[in-house]
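A quick write-up on the structure given underneath.
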Amino acid sequence: METVKDYFASLVFDDRVMKATLSDEIYDSLKKTIEEGSEPNIGVANAVAAAMKDWAVSKGATHYTHWFQPLTGITAEKHDSFISPSTDGGVIMEFSGKELIKGEPDASSFPNGGLRTTFEARGYTAWDPTSYAFIKDKTLCIPTAFCSYSGHALDKKTPLLRSMAALNKQALRILRLFGNNSTKRVTGYVGPEQEYFLITKEMYEKRPDLCFTGRTLFGAKPPKGQEMGDHYFGVIKPKAAAFMEELDEELWKLGILAKTEHNEVAPAQYELAPIYTTANIATDHNQLTMEIMQKVAAKHGLVCLLHEKPFAGINGSGKHNNWSIATDTGQNLLSPGETPYENAQFLLFLCAVIKAVDDYQDLLRISVATAGNDCRLGASEAPPAVVSVFLGDELNAVLEAIETDTPYKGAEKTRMKLGVDVLPGFNRDTTDRNRTSPFAFTGNKFEFRMLGSSNSIACANIMLNSAVAESLRIYADRLEGEKDFETALHSMIRNTIKDHKRIIFNGNGYDENWIREATEKRGLLNFRTTADCMPHLLDKKNMDMLISHGVFTEAELKSRYEIMLENYCKTIVIEANTMVNMAKTQIVPAIEAYAADTAKAAASKKSLDFTLVCGYETGVVRKLSALADLIASKAEELETALISLDKAEDIGAKSVMIRDTVLGLMSELRIPCDEAETITAKNYWPMPTYADLLFGIK
Ligand code: ADP
Ligand code: MG
């Protein structure tokens, strides 16, 4: 029998295949390109392309595509076949270095936020050799960056790679200060835990809201929800288990290190965690994982919901972005070390992260901002929209000792200037109890928990890498040229703790008092919606930082602001239209039919015995008639509000109108509809209920 070892990464043109198929010279040259992030030369590209093609064809591939991540948030591909006519009237399979390095998809219908005028409608894709090519659906997929002709990034990979380069550059400066001259590269590593729901395809198709928007826009509370907590880590139902088994197999073939699968808190909710890898590959793999989840689900008669909040009143889905930085020699820079010197270095990197999160709270919030995620953040199931850092009691005590220059009780030996010599080993048991923090230190990594389940993890890691690169740049500027390195380091760490301790919060992030304390006493930011936070992408301090590290250009930032708000507005307008449509064409008619039949029943009872009161029927008919009237008028109000959106001057104004009027009217329309559901006989109700959806998988 074929074992996992046999087929793991069998569809990936990885290091093993490269070694086996490329000459030593080409292999070394390609490795150098990958490690140094330099441009591949055409000779190498030709040899690699030929080897890739032969390998792909031997695996049954007929086509190739440049695989990229435009700003739609999903991946895009344009397939070309390998075939080329041969002189004898047949075909040969061809793939050149030029085709590998660069592609020119007609990109005019991808969002570009004004970056590409129509005469420049073509974008180009450029090979990213740091992420392996792979085969999907008989197509060789080549991970690529996507840019406009003038070189502006139109995707999420380009700025991610730039942010990784910025982090590498600044982290190396710091390592050199600690006398480390051997490290050649510092890389951000990410393990994204992915939550999702599974429901049956049959029920999904009966809900226009799910089909059009990915979430339910109506639905009364089911008699049973998640209150018993009996789903969490419970036995996986056979249908879901079969889905997971096939999903794992498909992911493993693509070299994706899917490691754990378990039930989540809500009924029908699950989680998949992969083993961490570089931020770039983790991003590619997470995009692929989301795509393959949907495909495998379809094969099992299921639908995988990746929306952040598919069901009101039931926990939504997020993504935990576990993030660390490590050297090419395998040292995790966020891991407390054995020696005082290592610990000083650890504390510096720790402080760099704390400072980064405090200085760029807004960018981190922006990096997870979508209409879908707004439904979930701060709803006592996911971190609040206020960003804070959780360190745990032990590490907190260490920082307090440094700040106040008092001995740390855990340190037994004599203190060095930093106030600590040997730090305790922070095992996860003592650091990871708090699940309510948006940004938690979990022993040797930080877990950024604000991401929505459908977000590309690129955005969060772009901001995280860049903000930390900025802290490190400031530190390196200060420390380089210092004669007394230790004293300077000590005071810098102390000052960071003093200046940024407001961002550290070890309590319950779901507590309302915390939000008050955070905003009123500590002055932390609280952007409830995408419309609130997005304009701050263009704040001078944020633009200056991102531009100075070469992560974005000014034009790119402006275009991203437009695109993100466009997405926000479009998403909510589609939801609102779907609600109006469902209310008018499905819900009201169902209510009317049931009310009419109830009235008929009363009339026929009375015709038998005119003394009968028929109080029950009268009550139901009255109640339903009133609800139908209310629904009709709320639907009309919502429609009017949608029409008036056309008056908005620009996308910023439109997003504010949506936030202030449309969202409220949507909730107002939902209330009478959900109430009607609880009174109308089930066989009249036009769609599966929450109970059907959530407990439909056996
Ligand atoms: P949980 O948070 O659900 O308790 P774990 O802490 O075991 O689960 O792991 C969560 C994720 O963190 C996994 O994807 C894992 O690969 C990833 N991870 C573990 N160590 C690191 C690290 N040093 N850097 C980045 N991610 C990591
Ligand atoms: Mg986790």
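Whatever order the structure lists ligands and atoms in, that order sets their numbers, starting from 1.
Using a 4.0 Å heavy-atom cutoff, E447 is listed among the residues neighbouring ligand 1.
For ligand 1, none of its N or O atoms has an N or O atom of E271 under 3.5 Å away. Below 3.5 Å of separation, one finds no N or O of W323 facing any N or O of ligand 1. For ligand 1, the polar-atom distance check finds an N/O of P274 within less than 3.5 Å of one of the ligand's N/O atoms.
Taking the six-membered ring where tryptophan is involved, the planes of F439 and F448 are tilted, since the angle between them lies from 30° to 60°.
Under 3.5 Å, the side chains of D284 and Q69 contain a donor-acceptor pair of N or O atoms. Of the N and O atoms on the side chains of N373 and T370, not one donor lies less than 3.5 Å from an acceptor on the other residue. A side-chain donor from one of Q269 and S317 sits under 3.5 Å from a side-chain acceptor of the other. Judged by distance alone, the side chains of T289 and N286 never bring a donor and an acceptor atom under 3.5 Å apart.
Those atoms of ligand 1 that come under 4.0 Å of a heavy atom in G191, given as number and element, are 14 (O), 26 (N). Heavy-atom contacts of N332 reach the following atoms of ligand 1: 23 (N) (cutoff under 4.0 Å). Each of the following atoms of ligand 1 lies closer than 4.0 Å to a heavy atom of I275: 16 (O).
Every residue meeting the salt bridge (charged side-chain N to carboxylate O under 4.0 Å, His left out) condition with R162, not counting sequence neighbours, appears here in chain and number order: E556.
Under 4.0 Å from ligand 1, the heavy atoms of E193 that appear belong solely to its side chain.
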